[in-house]
Each structure stands twice: as C-alpha cells, then as structure tokens.
S.K.: 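Let me give you the structure first, and then I'll get to my questions.
The basis for the numbers below is simple: all heavy atoms, side chains too, and nothing from hydrogens, waters or symmetry mates.
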Amino acid sequence: QLDAVVDVVSVAWLMDRLKPRRVVGSPVHVGSGHVHTAHGVLPVPAPATARLLRGIPCYGGDIRGELCTPTGAALLSHFASAFGPMPPMTLRAVGYGLGHKEFGAANCLRAFLGESAGGAATVGDTVVELKCNLDDMTGEAIGYTTALLLKEGALDVFLTPIQMKMGRPGVLLTCLCPPQEAERFAALMLTHTTTFGVRKTVCERAVLERSTETRETAFGPVRFKSGGGHGVSREKPEYDDVAAAAEAGGQPFHTVAAALAGREE
C-alpha cells in the first residue's frame with residue numbers, strides 16, 4: 001500500500017540524515033483483539049507482524065486494536081540494535097507521532113535523540129548466544145561453519161574444547177548474534193553442523209562506545225578502532241591492516257603491531 005511505502009521511505013531518509021550510532025527501542029506493545037485485513041479477520045498481532053517481531057521483546061494488554069503493524073515491525077527489526085529501558089543520555093531532540101484512532105491510552109509514538117551520558121553503561125543492549133555441542137564433525141567442517149557464520153554477519157563465533165558423554169572429546173560451538181537474527185543463525189547452525197539442537201540464551205551486555213578512524217602511518221593508511229566509556233578508553237589497529245602492512249613490508253606481525261601502538265620491541 002502507498003502509506004507503507006511512504007513510511008519506509010521516510011524512516012530510511014530520516015535515519016540516513018541523522019546517522020545515529022545506535023538505536024534502542026522499548027519493548028513493543030502489540031495491542032490485542034482482532035484486525036480486519038484483505039485476508040479476513042486475523043488475531044493481533046497479525047501473522048506478518050508476529051513473524052517480523054521474532055527476537056524482539058513484545059507484550060499485549062487491555063488496549064483493543066492493532067498497535068504494531070507489519071511495516072512498523074519491519075522498521076524496528078531493521079534499525080533497532082537493542083530493546084529495553086531508555087539508556088542514560090543527554091537529550092538533543094524529541095519527536096512525536098500521533099495516530100488518528102482513539103484508545104484508552106494516548107495513541108502516541110515518541111522518539112528521543114541524544115548523546116550517551118558520559119559513557120555510562122549501555123542499558124538494554126542485548127545479544128543472543130547460540131550454542132551446540134559437536135563430537136562427530138571433522139576439524140575442516142567445523143572451520144567451514146565458523147567462517148560461514150562470521151561471513152553471514154555474526155557478532156562473534158568461537159570454539160571451546162569440551163568433554164562429552166562416555167569420555168568423548170568434543171567442541172562447543174558458540175555464535176553471538178543480534179536478537180532479531182537468532183532464528184536465521186540457529187537455522188544455519190542446524191544446516192551446517194551435525195547437531196540435533198541449538199540452545200539459545202538472551203544476554204544483556206555493557207559495551208564501550210566504538211568508532212573507527214583511518215590514520216596515515218609509516219606503513220600507510222591504517223584503521224584504528226577506539227572504545228570509550230565506564231571510565232575506560234582504549235584503541236588498537238585493525239588486525240587486517242596490520243597483517244597487510246606486515247606482509248607488504250616483509251616484517252613480522254608483532255613488530256608492525258608494536259610500532260603502531262608506539263611501543264619499542
């Protein structure tokens with residue numbers, strides 16, 4: 001429908017203009033009751049909305065009506081990286097969107113634009129931890145799966161040696177991903193490993209505010225990753241750039257890394 005196109009284009013344009021480092025959403029109130037659609041009368045949330053809200057905290061209530069549409073769910077799942085309480089911030093602007101329908105509570109959507117308050121803890125930043133135990137795969141197959149998960153956009157993938165039933169040595173495969181991507185990554189793990197099940201845990205985490213800057217060095221342009229907050233400040237050169245500089249200059253990796261960090265070897 002035309003209004004959905006307008007919504008998507010407008011939000012995408014706004015996000016491109018604002019370029020926020022991070023988007024945090026509150027848990028989604030979906031409403032209750034039923035809604036009339038082109039496919040007949042459907043329960044709230046509508047099937048499309050429910051599918052798009054996978055991995056996102058949501059709840060119902062006493063308000064009768066559809067409070068989250070498939071378009072809204074799609075925009076939230078794409079742009080929001082975390083859901084929870086409002087993080088500490090210094091407010092710069094507040095925006096309001098008012099609906100035409102009348103409910104028992106204000107039909108209002110509110111958005112805050114601000115800066116992290118003094119590097120305080122990042123409240124409500126969540127990730128999903130997916131795990132499975134493996135004891136009947138070759139090292140090559142496990143390595144392939146690890147590389148695949150990272151290529152598909154996993155936040156991190158790592159292996160832990162474990163002891164399984166009957167003394168069998170095994171490997172614990174762990175994949176970290178955004179909540180809205182949990183089902184996709186679980187399916188990838190089930191497809192590319194021999195496991196019969198993947199465990200899922202939702203974790204809250206405290207993170208540093210991150211940024212990346214390219215600097216001219218004696219080894220050429222090198223990207224530096226910086227992080228700050230919680231009274232901590234640190235930076236390090238990107239591994240790929242250090243490795244490329246070491247290969248180009250015919251020097252050991254640790255020598256180039258120490259030089260870029262301002263240390264003598």
S.K.: If you measure from OH on Y144 to NZ on K151, what distance do you get to the nearest 0.5 Å?
M.R.: 7.5 Å
S.K.: My understanding is that only residues two or more places apart in sequence, or in another chain, count here; which of them pass salt bridge (charged side-chain N to carboxylate O under 4.0 Å, His left out) with D135?
M.R.: R168
S.K.: Using a distance-only test with no angle check, is there a side-chain donor-acceptor pair under 3.5 angstrom linking D136 and T194?
M.R.: yes
S.K.: Looking at Q180 and A80, what are the two nearest heavy atoms and their distance?
M.R.: NE2-O, 3.3 Å
S.K.: Check the surroundings of atom CZ in F196: do more than 12 heavy atoms from other residues, nucleotides or ligands lie under 6.0 Å from it?
M.R.: no
S.K.: Apply side chain to side chain contact (heavy atoms under 4.5 Å, CB included) to V128 and F185, showing your working.
M.R.: CA-CA 10 Å; V128 167; F185 279 101; over 6 Å; no
S.K.: Drop me the distance from K131's NZ to F158's CZ, to the nearest 0.5 angstrom.
M.R.: 7.0 Å
S.K.: If every non-hydrogen atom of Y96 is compared with every non-hydrogen atom of C108, which pair is closest and at what distance?
M.R.: CD2-SG, 3.7 Å
S.K.: When rounded to the nearest 0.5 angstrom, what is the spacing between CG in L260 and CD in E235?
M.R.: 10.5 Å
S.K.: For G228, is there any backbone N or O sitting under 3.5 Å from a side-chain donor or acceptor partner on S233?
M.R.: no
S.K.: In Å, rounded to the nearest 0.5 Å, how long is the span from CG of L159 to CG of L173?
M.R.: 6.0 Å
S.K.: What's the shortest heavy-atom distance between C175 and L149, and which atoms?
M.R.: CB-CD1, 4.3 Å
S.K.: Assess the residue pair T217 and F224 against the criterion (side chain to side chain contact (heavy atoms under 4.5 Å, CB included)); give the C-alpha distance rounded to whole Å, side-chain angles, the decisive distance to 0.1 Å, and a yes or no.
M.R.: CA-CA 11 Å; T217 73; F224 283 78; 4.2 Å; yes
S.K.: Could you measure the distance from the CD atom of E181 to the OG atom of S77? Nearest 0.5 Å is fine.
M.R.: 8.5 Å
S.K.: Nearest 0.5 Å, please: how far is OG1 in T90 from CZ in F112?
M.R.: 13.5 Å
S.K.: Measure from the side-chain N and O atoms of R54 to the backbone N and O of R51, and report whether any donor-acceptor pair falls under 3.5 Å.
M.R.: yes
S.K.: Is there a donor-acceptor contact under 3.5 Å from the side chain of T195 to the main chain of L190?
M.R.: no
S.K.: Mark yes or no for whether D156, through its side chain, and L176, through its backbone, hold a donor-acceptor pair below 3.5 Å.
M.R.: no
S.K.: Does N133 form a side chain to side chain contact (heavy atoms under 4.5 Å, CB included) with L172? I'd like the steps, not just the answer.
M.R.: CA-CA 5 Å; N133 295 359; L172 173 63; 3.2 Å; yes
S.K.: How close do A186 and L130 get, counting heavy atoms only, and between which atoms?
M.R.: N-CD1, 3.6 Å
S.K.: Is there a side chain to side chain contact (heavy atoms under 4.5 Å, CB included) between M189 and T145? Walk through the geometry before answering.
M.R.: CA-CA 8 Å; M189 292 172 68; T145 302; 5.6 Å; no
S.K.: Sort and list the pairs that fulfil salt bridge (charged side-chain N to carboxylate O under 4.0 Å, His left out) and have at least one residue in residues 77-91, not counting sequence neighbours.
M.R.: none
